[in-house]
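A short worksheet on the structure shown next.
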Number of protein chains: 2
Amino acid sequence: MTAMSDGEEIVFDQPCPIRDVLDRIGNQWSLLILEALSPGTLRFNALMREIGDISRQMLSRTLKQLEQDGFITRTLYPEVPPRVEYTLTELGHSFLAPMQQLITWADSHHRDIVVARRRYATDRK
Amino acid sequence: MTAMSDGEEIVFDQPCPIRDVLDRIGNQWSLLILEALSPGTLRFNALMREIGDISRQMLSRTLKQLEQDGFITRTLYPEVPPRVEYTLTELGHSFLAPMQQLITWADSHHRDIVVARRRYATDRK
DNA sequence: ATCTCACGGTCTGTCTTTTAGACCATGGGG
DNA sequence: CCCCATGGTCTAAAAGACAGACCGTGAGAT
């Protein structure tokens, strides 16, 4: 029974909020999930299909974190089969702006990065 | 001699540049290093001291990736003891803008996140 | 002269995180 | 009756991160 050791969160008052926030949203899954939810509410399996290559466990875990941090809400409809909907909160929405900047940057500089990689590879030869 | 198996990079033409970019810069170390370099050039150990809790290995590896992707340049002065300087490229600098947005967001919403976490914890009780 | 440290990394062994895949109960469609 | 979809959790195995030892050399302290 070592699983689910989630509850324990260390709350040393981070002198650096950037670190604290980056630790949570500074991974591809969080960003991809938030992006996937930006058009609107999605269910668990819909999210999984949308993202494509995320495992159920990571999706579940990351959603839980995002909910915990107030980025999304989780609504369970006690039907059968169960229906669970994930939706961005206001906080989540407010995060979309800087994230979109990042995505825009990525989009417009992706080419440069590919070129840089290619040159690095050939220079090494 | 199995080390240095770097050369092999799979170049399937990513339909989604966001994924490609996020995979690289979507981790705290990359962002922290870029932030540390934003005021100007730094040497290896200076970076290590600046960031504080990064291991030599991860610093080395992440720097190599950032260099490979064209975010920074690595300049080795063949003195003794060796001196190695890391500097942001133009691409690296251009990335600071969206990153700064992210940091600003983090800074101004950190409080909300902490509150959300606290409430989540008590609601669970 | 010797002792030790700093330089910029790499290598090794351990620990943590991520993954793939099985499993759960139930209800609907074939 | 058989099997799939729902939203997850659990387990075991693979991948990744970490701490710490190690490298050779030159400078400063002793």
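Chain letters run A, B, ... following the sequence lines, proteins first, then strands; residues in each count from 1.
Distance from the side chain of Q57(B) is smallest for dC18(D) among the nucleotides dG8(C), dC18(D), dG7(D). Of the candidate nucleotides dT6(D), dT10(C), dA19(D), dT10(C) has the atom lying nearest to any side-chain atom of R56(B).
Per the geometry, CZ belonging to F44(A) stands 18 Å off P belonging to dC24(C), to the nearest Å. The interatomic distance linking L59(B) (CG) with dG8(C) (P) rounds to 10 Å, in whole Å. The distance between atom CZ of R83(B) and atom C1' of dG26(D), rounded to the nearest whole Å, is 15 Å. Following rounding to the nearest Å, L42(B) (CG) and dC7(C) (C1') show an atom-to-atom distance of 15 Å. If you take CD1 of I54(A) and C1' of dT18(C), they are 11 Å apart, rounded to a whole angstrom. Between D23(B) atom CG and dG16(D) atom P the separation is 11 Å, expressed in whole Å. Across the protein-nucleic acid pair, L47(B) atom CG and dG8(C) atom P stand 10 Å apart, rounded to whole Å. For the pair N27(B) CG and dT17(C) C1', the computed distance is 14 Å after rounding to whole Å.
The structure places CD of Q68(A) at 12.0 Å from CZ of R118(B), a figure rounded to the nearest 0.5 Å.
When the side-chain nitrogen and oxygen atoms of S60(B) are compared with OP1 and OP2 of dT10(C), one or more of them lie within a distance under 4.0 Å. Side-chain nitrogen and oxygen atoms of R61(B) include none within less than 4.0 Å of the OP1 or OP2 phosphate oxygen of dG8(C). For K64(A) and dT9(D), the shortest distance from a side-chain N or O to OP1 or OP2 is below 4.0 Å. Contact annotation: W29(A) reaches the phosphate of dT19(C) (side-chain N/O to OP1 or OP2, under 4.0 Å). Distances shown here put a side-chain N or O of R43(A) below 4.0 Å from the OP1 or OP2 atom of dG7(D).
Within the 4.5 Å cutoff, no side-chain heavy atoms of N27(A) are placed close to those of N27(B). Looking only at side-chain heavy atoms (C-beta outward), Y77(A) and E85(A) come within less than 4.5 Å of each other.
Each of V80(A) and M58(A) has a nearest nucleotide on DNA chain C; the 5'-most of these lies closest to M58(A). Where Q28(A) and P81(A) each meet DNA chain C at their nearest nucleotide, the meeting point lying more 5' is that of Q28(A).
No contact: Y77(B) has no heavy atom under 4.0 Å from any strand.
Between W105(B) and F95(A), the ring-plane angle classifies as perpendicular under the 30° and 60° cut-offs.
For dT25(D), its base never sits under 3.5 Å from the side chain of E79(B) at any donor and acceptor pair.
Annotation: R83(B), atom CZ; neighbour count of heavy atoms from other residues, nucleotides and ligands within 6.0 Å is above 12.
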